[in-house]
Structures are given as structure tokens and as C-alpha cells.
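Quick notes on the structure that follows.
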Amino acid sequence: MGEDPASQVYVRNKERACEECGIYSEKYALPEETTQDELLALIDKLNKQENISGILVQLPVPAHIDEKTVINAIDPKKDVDAFHPVNVGKIMVGNYDFVPCTPAGVMELIKESGIDVTGKECVVVGRSNIVGKPQAMLLLHSNGTVTICHSKTKDLAEKTKAADILVAAVGIPNFIKGDMIKEGAVVIDVGINRLENKKLCGDVEFESAEKVAGAITPVPGGVGPMTVAMLMKNTVRAAVVNGTK
Ligand code: GUN
């Protein structure tokens, strides 16, 4: 909904990925002034539509729309973002069909890089419902020892410096500097921030961080494409769960 430029880019990337994977998709670019009832009516229609396996409402929604009400309206079996409380609860107990796309992408990067999370000190900076909280849960399921830090955390650098695996998801450009990172640590940057000069940068100051990190993801080109890939995976899973093809 609306004209958020970052959302427009993300949605276009998701559409393109669907095309590449051979997944049928429908996009509804609703004008800013669309009412909540109109949005809920569209979600209801798609919940019932048999050729649709997955539904995603790109966030943020405009201020007059209640995000929670919208997320709650999506059939949990079609909730390929895994934002619905039913799916959040399933992740908590470790029995889930869908994993939130960005944290799932981070786990895939870790796994594919041959890094074993078991027993590692994992520090997640950020506590959002979309990334921080589910990320912590997935690292815990992988037997990491997990600390969640946020804007009120005291002595943040002391916490981040203890991390074997550091996930930055605060949404503040270049927030994590090299001197906040342990030598050899795995540093995963979830931030996508647009600077005044239009350049994209992460939550980690790459130049100083790469000198100390054992492994590090860039922005752009690190976690971002993984998020989209995991959305495709969830959508195929949804087709199986729903018996739709
Ligand atoms: N806005 C930022 N990240 C996401 C995401 O993963 N899903 C949706 N629906 N909106 C977002």
C-alpha cells in the first residue's frame, strides 16, 4: 500500500523472483488512501482463492492501517512471511511450516558456509518481530547461546565483542564498528539503509568490520537476496501445505 520507495523495490524483486522460479503471482498496488476494510476484503478474497498458496502484505502499511489486524487477517496456512501469531507460536515451539524469510536466509548463509552454531555465543542486535526475535529463536533451535540486544542495552560493545556469531538488525547505518567485534567472528548484516547520497549501506561499518571478522556479509548482496529466496521456499511449501499447485 502507498508509495514507499523501498517497498516498491522489494516487491519488484519478489515479483521477479516468482517469474524466475515459475511461481504464478498477482500484485495489488493499492493507493495510500485505500481503507482498512478494503484491504481486509482483498485479503479475504485471496484467502479463499484456490490458485493462491501464499499471501504477503508488504510492510510498512500507511498510518491509518493497523498492521496487527492486517497480519491477523491472513490465513496462517498462506502466511508465507510467518508473521501471523499462529506461525510465530509454532516457531517458538519448534514445529513450523514457514520460517520468517530474513532470519531463515541468515540461517541458510550460516549453514552453507559450514559454520556450526552449536555452543556458539550468538548476539542479535535488534528485537523486531520481523527479524530480531525470530532470529534469536532460530539460533537457539540450532543450539546457540543467544543474547538479544536493543536500544536500551547497557554496555552494548561489551556484549557484541563476546559474539562468535553477530547478527545486526537495528536499522541504523554503520552502527556496529570494527572495535565492537571479536577477532574471527561471523558478522551478518541484516540492515538495508539508504544514505542521503542514495547509496545503500548496512548496520555494520564494513571497512572496519572486515578487518576483524572471520566472515562477513556485504550490503547490498548479502542477506537481501537470501530473504527473497526464502520467500520462494515458503511459497512452494505453502502450495504443499494447502494442496494448491
Ligand atoms: N518489510 C520489510 N521486510 C519485510 C518482509 O520480510 N515482509 C514484508 N511483508 N514486509 C517487509
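Counting starts at 1 for both ligands and their atoms, following the listed order.
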**Item:** N/O separation below 3.5 Å, L59 to ligand 1
**Value:** yes

**Message:** Would T227 count as being in polar contact with ligand 1, using the rule that some N or O on each side must be under 3.5 angstrom apart?
**Reply:** no

**Message:** Other residues, nucleotides and ligands only: do more than 12 of their heavy atoms fall within 6.0 Å of NZ on K77?
**Reply:** no

**Item:** Shortest protein contact, atom 9 (N) of ligand 1 (heavy atom only)
**Value:** D81 OD2, 2.6 Å

**Item:** Y10 near ligand 1 by a heavy-atom separation under 4.0 Å
**Value:** no

**Item:** Note, N87 side chain near Y96 side chain (heavy atom, < 4.5 Å)
**Value:** no

**Prompt:** Is it true that D155 and K159 make a salt bridge, defined as a side-chain N closer than 4.0 Å to a carboxylate O?
**Reply:** no

**ligand 1 to L56 polar contact by distance, N or O atoms, under 3.5 Å** = no

**Request:** Using distance alone, with no hydrogens and no angle criterion, decide if D116 and T118 have a side-chain donor and acceptor under 3.5 Å apart.
**Result:** yes

**Asked** Just heavy atoms, cut-off under 4.0 Å: does V57 contact ligand 1 by side chain, backbone, both, or neither?
**Response** backbone

**Asked** So, for C101 and D81, which heavy atoms are closest and what is the spacing to 0.1 Å?
**Response** SG-OD1, 4.2 Å

**Prompt:** Quick one: does P85's side chain get under 4.5 Å of N72's, heavy atoms only?
**Reply:** yes

**Request:** Distance to 0.1 Å, residue and atom name: give those for the protein heavy atom nearest to atom 4 (C) of ligand 1.
**Result:** Q58 NE2, 4.1 Å

